[in-house]
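Notes follow the structure.
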Amino acid sequence: MEHFGLWGIIPPLLTIVLAFITKDVIVSLFLGILSGALIVAGGNPGTALMTLTDLVANSLADGWNIRIFLFCALLGGLVGLLTKTGAARAFGIWASSKLKTGTSSQFMTFIFGVLIFIDDYFNSMSVGTVMRPISDKTGVSRAKLAYILDSTAAPVCIIAPISSWVVTVMSIVRDSQGFEQLGMTEFEFFIKAIPYNLYALLALIMVLTIIFIKRDFGPMKASEDLATKGILFNAEKYGPAAGTMEETETSKAKPIDMLFPIILLIVTAVAFFPIVTWLGAIDGETITTIGQAMASMTLGDAFNDTDSSIALWYAVMFTLTATYIYYLARRLLNLKEAGEALRNGIQSMLPALIILTMAWSIGTIIKSPRTEGGLGLGIYLSQMVSEGGFPIQLLPCILFVLSAIISFATGTSWGTFGIMIPIGMPIVTGLATGLGMDVAGLTNAAMISMAAVIGGAVFGDHASPISDTTILSSTGASCPHLEHVATQIPYALFVAVCTFIGFVVGGFVLNPIAAWAAALVVFVWGIIFLPKIMKSR
């Protein structure tokens, strides 16, 4: 037998339950992995601990995983350099010099949030630092600023091709049982799945709608009404502001100092995607030069067949080296300050890196067949649901709700990715195969189901009071944390309801256009009537 049957559900179930109780996803993931190792070891604790140790070590011994691990770490170092120089603030001062109204300052906050897509922590803090003085002057409530910061953090990072979030999702998807049936690379899967990512895209649409149509409702409307009277946050009801952002000296920093590393990272990553494929095609016999490799395939094939972990690893190395030299040459930092900035940036990524490693480890022990030292849960679930007549049409909305609950309770989307993607992928591929779907149908089913997992996880990260991004957004905006949570949850929940309806419809037709049509109908209805309903109440 290739699986342990229902015993295989214990690690993810235990992880979920402990995450609810402890609110500590790292400890929960560790104990989930340990429970799986105990089952594989037949209850022997010594063998289980050795199995767990080997499992974690082997997850980092994999070439793909270690490159993604180091990419995320060095991305943190790059963020540390950007933060230390004050380049983001200099860019903000330059770009916002003509902002005179609340609408224009809110829109500029949105634009900055979209541009700074490489890391959600850096997004919340740097954009908050830049825009808070401007939003104060234009009469925007701190709650509205915090909402825009939060809504352009996780939702943007999860759809940007170059971010620590995306490479994490790609690495977990790539290693999930059943992904090989799709016949595509993980990067190609990510690109094609973007239209299915209803929650992230609809969250951005919601921000723009609130900015330009001004249909505020609920607690946010109350905060905005106070702001028109000069009261930017409600300390009486929600307590003191979450934090005050100190003004930093930026006389040396210029707007180009922020644009340079971001543009360089994008350009080098795009360039290395086909270059990695061409270099890999050189076999020393039939193809001996990169020119011959380029002539042997189309540019599209070179992009699709690449190893994205290598391309991103090369890109971040080139970008970090060039940025380090550039900042020293510009005398924005000296050697000591640059070293401290790199260390601080990498240290800020440690919790995420630990979660990433644990997610790989629990995914491995869950999906690996019994003959390879795993639980074979994916094999068991795919057999059970394909033979039991489970309706594949309901899978996306169920996965969305489960992922949303887990992420909201734990405050982390990365841990939710690690728990739910290895469970969801074999179920959807098993169901689709059992129903005799062709490759196109199988691909659509997998994309909308994984987009549901991602959307639910991002909603939890977006709305949870204990989410790091939620806390950093309230801090970056200098808004009372409870005020940010209270004003944001109705908006996030409204978008989640629209997304759920979209996944219900999309699950039945396996078409992103139908899913979007259903979601937008509910969205338009809500924008029209919710301000009236909540005002009357």
Side-chain angles (χ1 to χ4, degrees), residues 60 63-91 112 115-127 129 153 156-157 160-168 170-171 187 248 250 252-276 279 306-354 356-357 414:
L60 292 178
W64 166 281
N65 288 353
I66 193 61
R67 283 190 290 269
I68 296 302
F69 183 95
L70 293 173
F71 169 82
C72 293
L74 293 190
L75 194 62
L78 182 62
V79 170
L81 289 176
L82 284 166
T83 303
K84 188 73 172 178
T85 59
R89 181 170 179 78
F91 180 76
F112 282 170
L115 289 176
I116 304 177
F117 55 80
I118 59 175
D119 181 75
D120 56 326
Y121 291 178
F122 179 58
N123 181 311
S124 298
M125 294 303 292
S126 64
V127 178
T129 303
V156 169
C157 289
I162 305 170
S163 76
S164 55
W165 285 58
V166 169
V167 295
T168 297
M170 286 195 298
S171 66
F187 184 73
T248 56
T250 57
K252 293 183 179 180
K254 296 181 179 179
I256 189 63
D257 298 325
M258 176 184 160
L259 292 175
F260 173 76
I262 293 177
I263 293 174
L264 183 61
L265 180 62
I266 297 171
V267 171
T268 53
V270 171
F272 274 120
F273 272 104
I275 289 174
V276 166
L279 292 174
T306 192
D307 185 328
S308 55
S309 70
I310 298 176
L312 291 172
W313 171 235
Y314 287 165
V316 77
M317 280 294 293
F318 271 73
T319 301
L320 187 60
T321 302
T323 302
Y324 184 87
I325 296 171
Y326 172 77
Y327 284 162
L328 290 178
R330 285 269 293 113
R331 296 187 178 182
L332 297 176
L333 299 171
N334 56 38
L335 287 172
K336 181 181 179 180
E337 291 170 338
E340 290 176 351
L342 284 171
R343 286 194 299 273
N344 291 337
I346 293 173
Q347 286 174 2
S348 71
M349 291 296 292
L350 284 179
L353 293 173
I354 294 172
L356 181 57
T357 304
W414 283 32

Query - Residues that Leu70 engages under side-chain contact (heavy atoms from CB on, under 4.5 Å), provided they are two or more places apart - result: Ile66, Trp313
Query raised in the report: With sequence neighbours left out, what residues match Phe69 under ring-ring contact (aromatic ring centres under 6.0 Å, His included)?
Result: none
**Report entry** Non-neighbouring partners of Val270 that pass side-chain contact (heavy atoms from CB on, under 4.5 Å), sequence neighbours left out
**Finding:** Ile266, Phe303
Requested in this report: Under the salt bridge (Lys or Arg N to Asp or Glu O under 4.0 Å) rule, collect the residues that match up with Arg343, sequence neighbours excluded.
Outcome: none
Query raised in the report: Are the side chains of Pro261 and Tyr326 in touch, meaning some heavy atoms are under 4.5 Å apart?
Result: no
Report summary line: In short, salt bridge (Lys or Arg N to Asp or Glu O under 4.0 Å) pairs touching residues 323-333 with sequence neighbours left out are Asp257-Arg330
Query - Beyond-backbone contact of Tyr327 with Leu82, side-chain heavy atoms, under 4.5 angstrom - result: yes
Query raised in the report: What residues, two or more places apart in sequence or in another chain, satisfy side chain to side chain donor-acceptor pair (under 3.5 Å) together with Thr357?
Result: none
Query raised in the report: Taking only residues two or more places apart in sequence or in another chain, which ones pass side chain to side chain donor-acceptor pair (under 3.5 Å) with Thr323?
Result: none
Report summary line: ring-ring contact (aromatic ring centres under 6.0 Å, His included) filter on Phe272, not counting sequence neighbours, yields Tyr314, Phe318
Query raised in the report: Quick one: side-chain contact (heavy atoms from CB on, under 4.5 Å) partners of Leu342, sequence neighbours excluded?
Result: Leu81, Leu320, Tyr324
Query raised in the report: So which pairs with a foot in residues 315-324 pass salt bridge (Lys or Arg N to Asp or Glu O under 4.0 Å), sequence neighbours left out?
Result: none
Requested in this report: If a pair satisfies salt bridge (Lys or Arg N to Asp or Glu O under 4.0 Å) and one of its residues is in residues 308-319, list it, with sequence neighbours excluded.
Outcome: none
**Report entry** side-chain contact (heavy atoms from CB on, under 4.5 Å) against Ile325, all qualifying residues, sequence neighbours excluded
**Finding:** Thr321
